[in-house]
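Throughout, a chain's letter reflects where its sequence line sits, starting with A, and its residues are numbered from 1. Any value given below was found using the heavy atoms of this structure, including those in side chains, with hydrogens, waters and symmetry copies removed. Quick caveat: nothing in here was measured; it's all calculated off a predicted structure.
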Amino acid sequence: MKRFFKINRKIRNTFHKRWMLLSLIVVIAMPIVLGVGLYLKSAMLLEQTSLIKLLFSKEWKPMQGLFGLWPFIVSSLWVTILALLIAGPICLLAAIYMTQYTKKYFLRMMHPVIDILAGIPSVVYGVWGVIFVVPLVSNHLAPFFNTQSSGYSILTGAIVLAVMIIPFILNILIEVFRNIPDQLTEASLSLGATHWETVKHVLVRKAFPGIVSAFGLGISRAFGETIAVLMVVGNVTQIPKGIFQPGYPLPALIANNYGEMLSIPLYDSALMLSALVLFVVVLLFNFASRMAIIKLERHT
Amino acid sequence: MDNQTKIHIKNLNLHIGKQQILKDINVQIPKNKITVILGPSGCGKTTLLKSLNRLTDIYPDIKVEGSIEIDGQDILKVKKRDVTDIRKKMGLLSQRPYPLPMSIYKNITYGLKISGRRRKRFLNKRVEHYLKQASLWDEVKDRLKDPASALSIGQQQRLCLARGLAVDPEIILADEPTSALDPVSSQAIEEKFVELKERYTIVMVTHVLRQARRIADHVVFMYLGEVVEQGSAEEVFGNPKEERTKAYLRGAFN
């Protein structure tokens, strides 16, 4: 009886190990399945037109069978880069201030606040964008720069997006700066450097790999963000010539059109291709920022 | 005060939040001697050392009262923006070496550049001079452009010493500078200190009794945030007056 019990335990041990392995495989397989699926779906279009032509053509005329993705790619790039330009410096300065200049309890207090910001559903940010940022851009920012804007523009999308990615970038940066030992600060100060010189020459340099990864992950998130951007960016198929013009980023294209107009041949396939582009870009960005960290860490 | 006293600490009290770390400290540190602050872990030795060059300023939770006179000037009264001048008077060597995230060469020139010395030839000379003083030159002269983190721990600690000396201090503050090092590197640092005391006033924190016996001229014994006993090394080690000092020297607590 005792012996039987022992064997039973061992079988269970093996069984549970397999079960956990299976879960792991599911997790690993998911992105691969997703990527292959998207490729198979977009293959129909790719057989007809070359990938380069699809990516860089300006003509998006589904009725005529023209599916140039360039306007959407450009819009996505504009919105993402602009959002990072707004959010990056803010996060960097805020993280340095919180970790270097404030009392400890302040940081403890800020952590849940940042988490709350990160947890707000993106549609809420979208509504805030429509109610607040759109009028701000059309009534104040655009006239200030001597142009006209409906308010539904690249800039509006970028501002909303910046606010959305701030908590993500900030959380990583706080961790990065907190992990720098105080003794490094002390070493720099003891050599006669001011606090600011220490931040500029020592801490930022030490944190550089972390900053790159935080910004990289912020970009990945911004690039794929859909609903909040879609609500404020205007969704006009064109290559935006300025930040006060409307644009039409890739995620918005998919969200707005999938499920409709599928009677048009290859439309479905074109949307799948844009999803694939999105997928690959985000993947590449994640990969690149990780590689950058590994390389940089070796050099400092 | 006499000419032989470099640092005079009077009625120093230090709190971190609500906790009192240093209680009514009165210490005189003699010039051109090695003063060892001795005591078990967690008795406030390191905190005392850090308050000497106002590194306590960067922790908003810390409150300091009392006075610390260096050459007769109360450094706790110095305005925040002039505090870098005080810190430049003191080189700091911490428990583990913390090389700045840059090349070996730049680690040495960092302090000089901040004080506005930028001429290449001057800097090159200085780098060589101080690396030689820290007995590191021969090991690194062919790879000055390499990151400092590529050096061994012992080498890094000597680099930190060289970097501290390069800003031309009067005082060297050392916080258990050998605790992370192997015996050979430890010995090198100790020998260096004995050599350097001719020109610098050295304050070293340690909890290693044997090390204190080896190199101390003057001893300050601390226990639980208080100074229990202080005096010359012969007095404190040869003829301790306080019970707690005797107990510590016997090895009753560590």
- [ ] Determine the minimum heavy-atom distance between B/Tyr110 and A/Glu197, stating which atoms define it.
- [x] OH-O, 3.9 Å

TODO: Can you check whether anything in residues 98-118 of chain A gets within less than 4.5 Å of chain B, heavy-atom wise, and list it by number?
DONE: A/Gln100, A/Tyr101, A/Thr102, A/Lys103, A/Lys104

Open item on the list: Quick check on B/Pro99 against chain A: is it the side chain, the backbone, both or neither that has a heavy atom closer than 4.5 Å?
Closed with: backbone

Task: Closest non-hydrogen atom pair between B/Met102 and A/Arg205, with its separation - done: CB-NH1, 3.7 Å

Open item on the list: Could you report the tightest heavy-atom contact between A/Leu184 and B/Pro101, atom names first, then the distance?
Closed with: CD2-CD, 4.3 Å

Task: Nearest heavy-atom neighbours spanning B/Gly164 and A/Leu191 - done: CA-CD2, 3.9 Å

TODO: Please look at B/Lys89 and chain A and tell me whether the side chain, the backbone, both or neither of the residue comes under 4.5 angstrom of a heavy atom of that chain.
DONE: neither

TODO: Flag the one option from B/Arg87, B/Arg54, B/Lys50 with the top tally of heavy-atom pairs under 4.5 Å to chain A.
DONE: B/Arg87

TODO: With rounding to the nearest 0.5 Å, note down the distance linking CG in B/Leu100 to NZ in A/Lys206.
DONE: 9.5 Å

Open item on the list: Taking side chain as everything from C-beta outward and backbone as N, CA, C, O, which of these in B/Leu55 sits under 4.5 Å from a heavy atom of chain A? Side chain, backbone, both or neither.
Closed with: side chain

Task: Value rounded to 0.5 Å, distance of CG in B/Leu93 from OG in A/Ser190 - done: 9.5 Å

Task: Contact summary for B/Ile58 and A/Leu189, nearest pair of heavy atoms - done: CG2-CD1, 3.2 Å

Task: Nearest non-hydrogen partners of A/Ala187 and B/Tyr98, listed with the distance - done: CB-O, 4.2 Å

Task: Intermediate values then yes/no, side-chain contact (heavy atoms from CB on, under 4.5 Å), A/Gln183 and B/Arg96 - done: CA-CA 9 Å; A/Gln183 285 87 342; B/Arg96 293 177 54 80; over 6 Å; no

